[in-house]
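All figures in this text were calculated on a predicted structure; none of them were measured in a lab. Every chain is numbered from 1, with letters handed out A, B, ... down the list of sequences.
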Protein chains: 2
Amino acid sequence: MAPKSRAENRAEQTRAILDRARAQLAEVGPAALSVRQIARDVGMVSSAVYRYFPSRDELLTALIIETYDELGDAVEAAESSVADRADLAARFAAICHAIRDWARANPHEYALLYGSPVPGYVAPDDTVTPAIRVSGAFLALAQAAEHAGVSTITTTPVSPAEKAALVPIQEFLDGPVDAAHLVRWLMAWSTVFGHTSLELFGHMHRGILDYDAHFRQVSGQLAADLGLTS
Amino acid sequence: MAPKSRAENRAEQTRAILDRARAQLAEVGPAALSVRQIARDVGMVSSAVYRYFPSRDELLTALIIETYDELGDAVEAAESSVADRADLAARFAAICHAIRDWARANPHEYALLYGSPVPGYVAPDDTVTPAIRVSGAFLALAQAAEHAGVSTITTTPVSPAEKAALVPIQEFLDGPVDAAHLVRWLMAWSTVFGHTSLELFGHMHRGILDYDAHFRQVSGQLAADLGLTS
DNA sequence: CCAAAAGCAAGAGCACTGCTCTCGAATGTG
DNA sequence: CACATTCGAGAGCAGTGCTCTTGCTTTTGG
């Protein structure tokens, strides 16, 4: 048996805790996640876990980061798997469906990211980088559309206040995007997550029979609104 | 001192518990709501509360119902306060802003209704009637628009699967609404709640400076999409 | 090379939770 | 009046997050 160095051991234990925590998250959800249970699962006593994570919230934060990255991977993979890069509608549909598919496959994880924030919890800066990957996918596509000369269906003038409100996003982008177009893309973002949350949290339960068909319809109409459909 | 009958006393205690529970909900949120703390606040011992509510979840369910009704009241009041009943755009804006304003004023309550469902919790039938009041407001307006001959901006054909998926909603309505129009109204519903959740749960934090301006822009564009803007 | 320092697991313990059970006392009903 | 039901209080169980102390092991510095 190769004796493990202290650093190696620490890395292994940290991973073991995180892995069990993720498994428990998927099983019982974030609210019921128990430090003591995780400790039992990895063969530790509960107080030992606090050597690796100072609190349950910090552990949850680590899970949030990992989970954002997992969703980010799924979305980016789906988007980049579209062979015809000029087919912006296909790339948009890939993003939309990747988000919803991932959410349906990982409901507790989705709830952790996009459900009610844990009380008194404020996202630390560590979480922001992975968190913006999925909105970044939308914005990157918005930029590609802008570059391709695509125009969204827009019938409402953009107020000066709104133009000012969007400054941080414009700065995030490489090149400027027409404010009216940007509004449409942000609306699509809200619609996709709104639909996913309403569906997953049971608010469509008595209204819509076929969630798949409805989401296909919605994302199709969104693509049309964004001017991506020929 | 007039001696209280058993039924009177029970009603009073039930209300006292509910009132304290709602106060605590607003203060610390649904996850941190404590039966024991409520008991202390109303001058009871914790086990006595279980004479009135069989479990914490049942108490939460009662709160959910009351809260749905409160939001329903707010939305319906805002909608019906629009003097010019023919101004569908104004009525739509009233609904949208009532939802978001209520959510911002009652973030914990909004999280209880539209955030992650409590683990293992499935909405009992008691909650569905108050729950559909707000979506009902959208649908009633959709019907009014249909009756007025308003056409939404729709550029995507409605698939047969989608038409079938919408049957429960069509049955809920008094008269038929064109499926393409209905899709738009459901999209607006998703967008409003999506925006509100994303805003309230902190996902727009680093992107948008002026939430009010942005939401005004979004709801304005939604009204245009619905054909309500002349 | 060996002593001091730091890292770590274990256990006990605190304050809290939801919930159950039993026990008297008050209230209702035949 | 007697019986039955309802209710509040208290004790207690099993669980939680978290802290502190106690030894042991690994790492580090003179």
Side-chain angles (χ1 to χ4, degrees), chain A residues 1-21 23-25 27-64 108 112 117-122, chain B residues 1-21 23-25 27-64 108 112 117-122:
Chain A
M1 281 302 164
K4 294 163 191 169
S5 83
R6 205 131 227 191
E8 281 174 338
N9 199 277
R10 181 167 187 88
E12 279 179 25
Q13 297 280 36
T14 307
R15 261 265 59 88
I17 292 171
L18 277 173
D19 286 345
R20 268 314 302 165
Q24 204 177 119
L25 170 65
E27 286 162 23
V28 299
L33 189 135
S34 156
V35 174
R36 292 179 112 109
Q37 185 59 53
I38 294 168
R40 281 191 289 271
D41 289 351
V42 300
M44 270 188 198
V45 89
S46 73
S47 61
V49 176
Y50 290 87
R51 297 263 169 206
Y52 299 89
F53 296 93
S55 74
R56 183 178 173 279
D57 273 8
E58 293 276 345
L59 178 54
L60 267 180
T61 302
L63 287 183
I64 288 175
H108 285 133
L112 175 67
V118 290
Y121 174 85
V122 51
Chain B
M1 283 301 164
K4 293 164 192 169
S5 83
R6 208 134 225 191
E8 281 174 337
N9 198 274
R10 181 167 186 87
E12 279 180 25
Q13 297 281 37
T14 307
R15 262 264 60 87
I17 292 171
L18 277 173
D19 286 346
R20 269 313 304 165
Q24 205 179 113
L25 170 64
E27 288 163 21
V28 298
L33 189 133
S34 155
V35 175
R36 292 179 112 108
Q37 186 59 53
I38 294 168
R40 281 191 289 269
D41 290 350
V42 301
M44 267 188 201
V45 88
S46 75
S47 61
V49 177
Y50 289 87
R51 299 266 174 207
Y52 299 88
F53 296 92
S55 72
R56 183 178 174 278
D57 273 8
E58 293 276 344
L59 178 54
L60 267 181
T61 301
L63 287 182
I64 288 174
H108 285 133
L112 175 66
V118 292
Y121 174 85
V122 50

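Between Tyr50(B) atom OH and dG10(D) atom P the separation is 17 Å, expressed in whole Å. Following rounding to the nearest Å, Asp57(B) (CG) and dG18(C) (P) show an atom-to-atom distance of 11 Å. Taking atom CD on Gln37(A) and atom C1' on dG17(D), their separation rounds to 14 Å, with Å as the unit. We find that CD of Glu8(A) is positioned 16 Å from C1' of dG7(C), with the value rounded to whole Å. We find that CD of Gln24(B) is positioned 14 Å from C1' of dG18(C), with the value rounded to whole Å. In this structure, Asn9(A) places its CG atom 14 Å from P of dT25(D), rounding to the nearest Å. Across the protein-nucleic acid pair, Glu58(A) atom CD and dG17(D) atom C1' stand 14 Å apart, rounded to whole Å. One interatomic measurement links the two molecules: CZ of Arg56(B) to P of dC19(C), which rounds to 8 Å at whole-angstrom precision.
Closest non-hydrogen pair, Ala39(B) versus Val49(B), comes out as CB-CG2, 3.6 Å.
Applying the 3.5 Å distance criterion, the base of dG7(C) shares no donor-acceptor pair with the side chain of Arg10(A). For a distance-only test at 3.5 Å, the side chain of Arg51(A) fails to qualify as a donor-acceptor partner of the base of dG7(C). Residue Arg6(B) places a side-chain atom within donor-acceptor reach of the base of dT27(C), judged by atom type and a 3.5 Å distance cut-off alone.
Among the atoms of the strands shown, base atoms are found under 4.0 Å from some heavy atom of Ser46(B). Val45(B) comes within 4.0 angstrom of a nucleotide base, judged by non-hydrogen atoms across all strands. If you check every strand for non-hydrogen atoms under 4.0 Å, Ile38(B) touches nothing.
To the nearest 0.5 angstrom, Leu112(A) atom CG is 4.5 Å from Ile64(A) atom CD1.
For Gln13(A) and dA9(C), the shortest distance from a side-chain N or O to OP1 or OP2 is below 4.0 Å. Contact annotation: Tyr52(A) does not reach the phosphate of dC8(C) (side-chain N/O to OP1 or OP2, under 4.0 Å). When the side-chain nitrogen and oxygen atoms of Ser47(A) are compared with OP1 and OP2 of dA10(C), none of them lie within a distance under 4.0 Å.
Two residues are said to be in side-chain contact when any heavy atoms from C-beta on lie closer than 4.5 Å; Phe53(A) and Leu18(A) meet this criterion.
In the set dG13(C), dG18(C), dT17(C), dG13(C) carries the atom at the smallest distance from any side-chain atom of Arg36(A).
Using modelled atom types, one side-chain atom of Arg56(A) and one backbone atom of Leu33(A) make a donor-acceptor pair closer than 3.5 Å.
If you check the side chains of Arg40(A) and Gln37(A), you find a donor sitting under 3.5 Å from an acceptor.
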